[in-house]
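Quick caveat, the model's predicted, so the values are computed rather than measured. Ligands are counted one by one from 1 in listed order, and the atoms in each one are counted from 1 as well.
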Amino acid sequence: MEKILHETALAMVAPGKGLLAADESTGTIKKRFDKIGVENTEPNRQAYRDMLFTTPGFEQHTSGVILFEETLFQKSLAGQPFPQLLAAKGVVPGIKVDKGAHALPGGGADETITEGLDGLRERLLKYREAGARFAKWRAVITIGPGAPTYDCIHTNAHALARYAALCQEAGIVPIVEPEVLMDADNTIEVCEHVTEWVLAEVFQELYYQKVLLEGMVLKPNMVVSGIKCPTQAGVQEVAERTLKVLKRRVPAAVPGIAFLSGGQGDELATAHLDAMNKIGGVPWKLTFSYGRALQAAALKAWSGKNVEAGKQAHLHRAKMNGLAALGKWDKSLEKAA
Ligand code: 13P
């Protein structure tokens, strides 16, 4: 079992490849579809994901795709189950298994705890049978007045470790995602401090719950300025501070770190990843597990009807991020597109 977990984790962070997070819940995809005037129906969700997953060549830059439960059990427009379609291209299918972030009882303003542990052991068996080889659970940490609290960080870290241990028992690689949100007005120093605290707690809990570090992938936020902070740190500073925190808190046994984009612009998310890989000298692979930063352009180009334009936009971003995962991206490549 340990060997399977380790091999899957390594495949997820293969050189020059990263993960496509296409696991928007039905509620979240509605927000995305609303912006392009597409109705949130099952056939439209199927058509959209079909466009993404049948993009010719995206598999050269994509190691795996995180699916929402509906998509895991859905078929492509050509009638092939989506997990099989992906696996046939050498892309590992995965599944989001958490049930979302809910108000933390007794928590500070806007603090949440991610739910979904009850019945997870049984659900994982069903997901594995359907082809999922890895899973994702997202914990959300808010920065604000009086937040985060220790309670929020600790309960979320504990739940992440419970989830990760259950995944490994089922032969599924857990993506451990503690996301410190970037939507407040805090400075980059505050993000650095909170991110380090969160990672310290998460790895403590993973240790207590005997999670195999060699068989997991970490999906953290980068250390950035809050989006409403008047002074925004530059690309090099983001890269340096992110690496500093990761080096302090992530054991070398973890095969790879796949960042979330968290609301960063498409190109900025690519530039940050590229800058970190240019610095290098770290024991883990550094790659992407982007949702918005990989899909925003494709979604807009597609707009419910332009399938070829959507695929082109998707392939371009996948390619740019694949290069960034090697530290070989350059801004001039964006203009050439
Ligand atoms: P973003 O890259 O849009 O933050 O999404 C990644 C993700 O999977 C969040 O859980």
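When each atom of ligand 1 is checked for a heavy atom of Tyr290 under 4.0 Å away, the hits are 2 (O). Near Ser261, meaning under 4.0 Å from one of its heavy atoms, ligand 1 places the atoms 1 (P), 2 (O), 3 (O), 4 (O). Within ligand 1, counting atoms from 1 as listed, the ones closer than 4.0 Å to a heavy atom of Gly291 are 1 (P), 2 (O), 3 (O), 5 (O), 6 (C). Distances below 4.0 Å separate heavy atoms of Gly262 from the following atoms of ligand 1: 1 (P), 2 (O), 4 (O).
A salt bridge links Glu334 to Arg317: at least one charged side-chain nitrogen sits closer than 4.0 Å to a carboxylate oxygen. Look at Lys210 and Glu169 and you find no salt bridge, because none of the NZ, NE, NH1 or NH2 atoms lies under 4.0 Å from a carboxylate O. Between Arg133 and Glu7, none of the side-chain N atoms (NZ, or NE/NH1/NH2) sits under 4.0 Å from a carboxylate O, so this pair counts as no salt bridge. A salt bridge is absent between Glu24 and Lys31: the closest approach of a Lys/Arg side-chain nitrogen to an acidic carboxylate oxygen does not fall below 4.0 angstrom.
For the pair Lys219 and ligand 1, a heavy-atom separation below 4.0 Å is found. Residue Ala293 places every heavy atom at 4.0 Å or more from ligand 1. At least one heavy atom of Ser289 sits closer than 4.0 Å to an atom of ligand 1.
Only the side chain of Ala21 comes within 4.0 Å of ligand 1, judged by heavy-atom distances. Residue contacts with ligand 1 for Lys136 involve side-chain atoms from C-beta outward but no N, CA, C or O (heavy atoms, distance under 4.0 Å). For Arg138, every heavy-atom contact with ligand 1 shorter than 4.0 Å involves the side chain, none the backbone.
Side-chain contact between Lys219 and Glu179 is absent, with no heavy-atom pair separated by less than 4.5 Å.
Taken from OG1 in Thr55 to NE2 in His316, the straight-line distance is 13.5 Å, to the nearest 0.5 Å.
Ligand 1 has no nitrogen or oxygen under 3.5 angstrom from a nitrogen or oxygen of Leu260.
Heavy atoms of other residues, nucleotides or ligands lying less than 6.0 angstrom from CZ of Arg123 number more than 12. Other residues, nucleotides and ligands contribute over 12 non-hydrogen atoms within 6.0 Å of the CD atom of Gln46.
Ranking the protein heavy atoms by distance from atom 9 (C) of ligand 1 puts Glu177 OE2, 3.2 Å first.
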